[in-house]
Chemist: 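For reference, the structure I am asking about is given below.
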Amino acid sequence: MSAEIRAIEEADHDKVVDLLTRRWTSPLQLLDGKMVDASRLPGFIAEENGEMVGLVTVIKRDEEWEILTLDSLKGQSGTGTLLLNAVIGDAVEHGIQRITVRTSNDNLDAFRFYQRRGFRLEGVNPGVIDEERKMKPEIPMTGEYGIPIHDEVLFARKI
């Protein structure tokens with residue numbers, strides 16, 4: 001069964017906070033040295049049988065949009081792709097021609113996911129996560145596959 005995708009609504013706030021807390025330790029995410037409440041951003045929810053199985057949150061800027069969080073609770077199910085496609089479709093409707101996403105250097109699954117969907121590696125910001133850890137100590141020292149977490153990696157896609 002494929003998930004149904006819909007825009008986040010105010011009534012979803014508690015569910016969104018819960019998911020972001022489980023997956024990211026908090027809805028508050030550090031971006032360029034500032035805390036951003038991802039639970040208050042626009043985006044899309046994936047549902048199956050009324051249960052949330054995925055979420056994407058987006059920072060909408062005039063020239064480009066940035067995916068702040070993207071979570072599929074059912075790996076390899078196509079849910080992440082459906083959520084990404086919803087963002088791309090919405091961006092196209094609003095005349096946006098570029099989408100970016102940042103991830104940590106340990107997140108090899110995200111590297112694969114985004115590159116397979118047309119995103120290109122655009123830059124590495126060495127030591128950014130080490131600096132963010134000073135403001136948000138719950139950021140782990142070691143991430144996926146036992147890789148130490150230090151750097152932020154930027155991917156972008158023209159649409």
Side-chain angles (χ1 to χ4, degrees), residues 2-8 16 19-34 36-39 41-48 52-133 136 139-159:
S2 183
E4 294 182 21
I5 308 298
R6 65 174 178 79
I8 297 171
V16 169
L19 185 144
L20 291 169
T21 301
R22 284 186 285 128
R23 300 287 289 215
W24 297 83
T25 72
S26 164
L28 297 176
Q29 301 300 309
L30 270 169
L31 187 68
D32 297 329
K34 297 182 180 115
V36 176
D37 185 350
S39 73
L41 292 174
F44 295 92
I45 287 176
E47 291 180 321
E48 285 183 5
M52 185 169 22
V53 295
L55 171 73
V56 61
T57 61
V58 181
I59 297 170
K60 295 182 175 182
R61 300 184 185 101
D62 292 342
E63 298 297 318
E64 68 181 25
W65 289 2
E66 181 170 354
I67 294 170
L68 185 60
T69 68
L70 188 146
D71 291 286
S72 171
L73 303 181
K74 299 175 76 177
Q76 307 295 315
S77 66
T79 301
T81 300
L82 291 172
L83 288 165
L84 179 60
N85 289 344
V87 172
I88 291 168
D90 194 28
V92 168
E93 284 181 27
H94 286 86
I96 300 299
Q97 298 178 4
R98 182 176 140 91
I99 297 178
T100 64
V101 63
R102 304 178 206 196
T103 190
S104 54
N105 63 279
D106 70 305
N107 196 345
L108 303 181
D109 293 334
F111 284 29
R112 182 177 65 234
F113 176 83
Y114 288 109
Q115 288 181 86
R116 288 180 66 187
R117 287 153 185 86
F119 284 73
R120 305 266 317 259
L121 177 63
E122 207 168 85
V124 177
N125 297 312
V128 166
I129 296 177
D130 293 326
E131 290 302 311
E132 290 179 343
R133 197 176 285 113
K136 193 175 178 185
I139 297 172
M141 296 294 293
T142 304
E144 297 179 23
Y145 307 105
I147 299 171
I149 304 172
H150 299 289
D151 311 313
E152 178 182 81
V153 181
L154 175 66
F155 290 92
R157 176 178 165 177
K158 292 180 182 171
I159 49 176

Chemist: Is the backbone N or O of I149 less than 3.5 Å from a side-chain atom of R133, with the two atoms forming a donor-acceptor pair by type?
Modeler: yes
Chemist: Taking all non-hydrogen atoms of both residues into account, name the closest pair between F155 and T103 and its distance.
Modeler: CE1-CG2, 4.0 Å
Chemist: Any carboxylate oxygen within less than 4.0 angstrom of a Lys/Arg side-chain nitrogen, looking at D71 and R22?
Modeler: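 Salt bridge: no.
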Chemist: Between V87 and L70, is the side-chain contact (heavy atoms from CB on, under 4.5 Å) condition met? List the steps.
Modeler: CA-CA 11 Å; V87 172; L70 188 146; over 6 Å; no
Chemist: Counting C-beta onward and ignoring hydrogens, is there a side-chain heavy-atom pair between R102 and V128 closer than 4.5 Å?
Modeler: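 Of all side-chain heavy-atom pairs linking V128 with R102, none is under 4.5 Å.
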Chemist: Are I5 and N85 close enough, and set up right, to give a side-chain contact (heavy atoms from CB on, under 4.5 Å), and what steps lead you there?
Modeler: CA-CA 10 Å; I5 308 298; N85 289 344; over 6 Å; no
Chemist: Find the distance between CD1 (I67) and CD1 (I59) and round it off to the nearest 0.5 Å.
Modeler: 10.5 Å
Chemist: Please round to the nearest 0.5 Å and tell me the distance separating atom CD1 of I159 and atom CH2 of W65.
Modeler: 8.0 Å
Chemist: For L82 versus A3, what's the shortest heavy-atom pair and its separation?
Modeler: CD1-O, 3.7 Å
Chemist: So do K136 and T25 actually touch side chain to side chain, heavy atoms under 4.5 Å?
Modeler: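 When only atoms from C-beta onward are counted, K136 and T25 do touch, with a gap below 4.5 Å.
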Chemist: Are any non-hydrogen side-chain atoms of N105 and H150 less than 4.5 angstrom apart?
Modeler: yes
Chemist: Under the salt bridge (Lys or Arg N to Asp or Glu O under 4.0 Å) definition, can you give me all pairs with a residue in residues 116-129, not counting sequence neighbours?
Modeler: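 Listed by first then second residue: R98-E122.
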Chemist: Measure the shortest side-chain to side-chain distance between I8 and P42 over non-hydrogen atoms and say whether it is less than 4.5 angstrom.
Modeler: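 No, too far: nothing below the 4.5 Å cut-off.
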Chemist: What is the minimum heavy-atom distance between D109 and E144, and which atoms define it?
Modeler: OD2-OE1, 3.5 Å
Chemist: Assess the residue pair L20 and L55 against the criterion (side-chain contact (heavy atoms from CB on, under 4.5 Å)); give the C-alpha distance rounded to whole Å, side-chain angles, the decisive distance to 0.1 Å, and a yes or no.
Modeler: CA-CA 9 Å; L20 291 169; L55 171 73; 3.9 Å; yes
Chemist: Indicate yes or no: at least one non-hydrogen side-chain atom of V16 is less than 4.5 angstrom from one of I45.
Modeler: yes
Chemist: Could you tell me whether a side-chain N or O of D151 sits under 3.5 Å from a main-chain N or O of G127, the two making a donor and an acceptor?
Modeler: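 Answer holds: yes.
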Chemist: Do V101 and I99 have side chains that get closer than 4.5 Å, going by heavy atoms?
Modeler: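 A side-chain contact under 4.5 Å is absent here.
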Chemist: Between L19 and L73, is there a side-chain heavy-atom distance shorter than 4.5 Å?
Modeler: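 With C-beta onward as the side chain, the pair touches.
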Chemist: With a 4.5 Å limit on heavy-atom distance, are the side chains of T69 and R23 in contact?
Modeler: no
Chemist: Determine whether the aromatic ring centres of residues Y114 and F119 are separated by less than 6.0 angstrom.
Modeler: yes
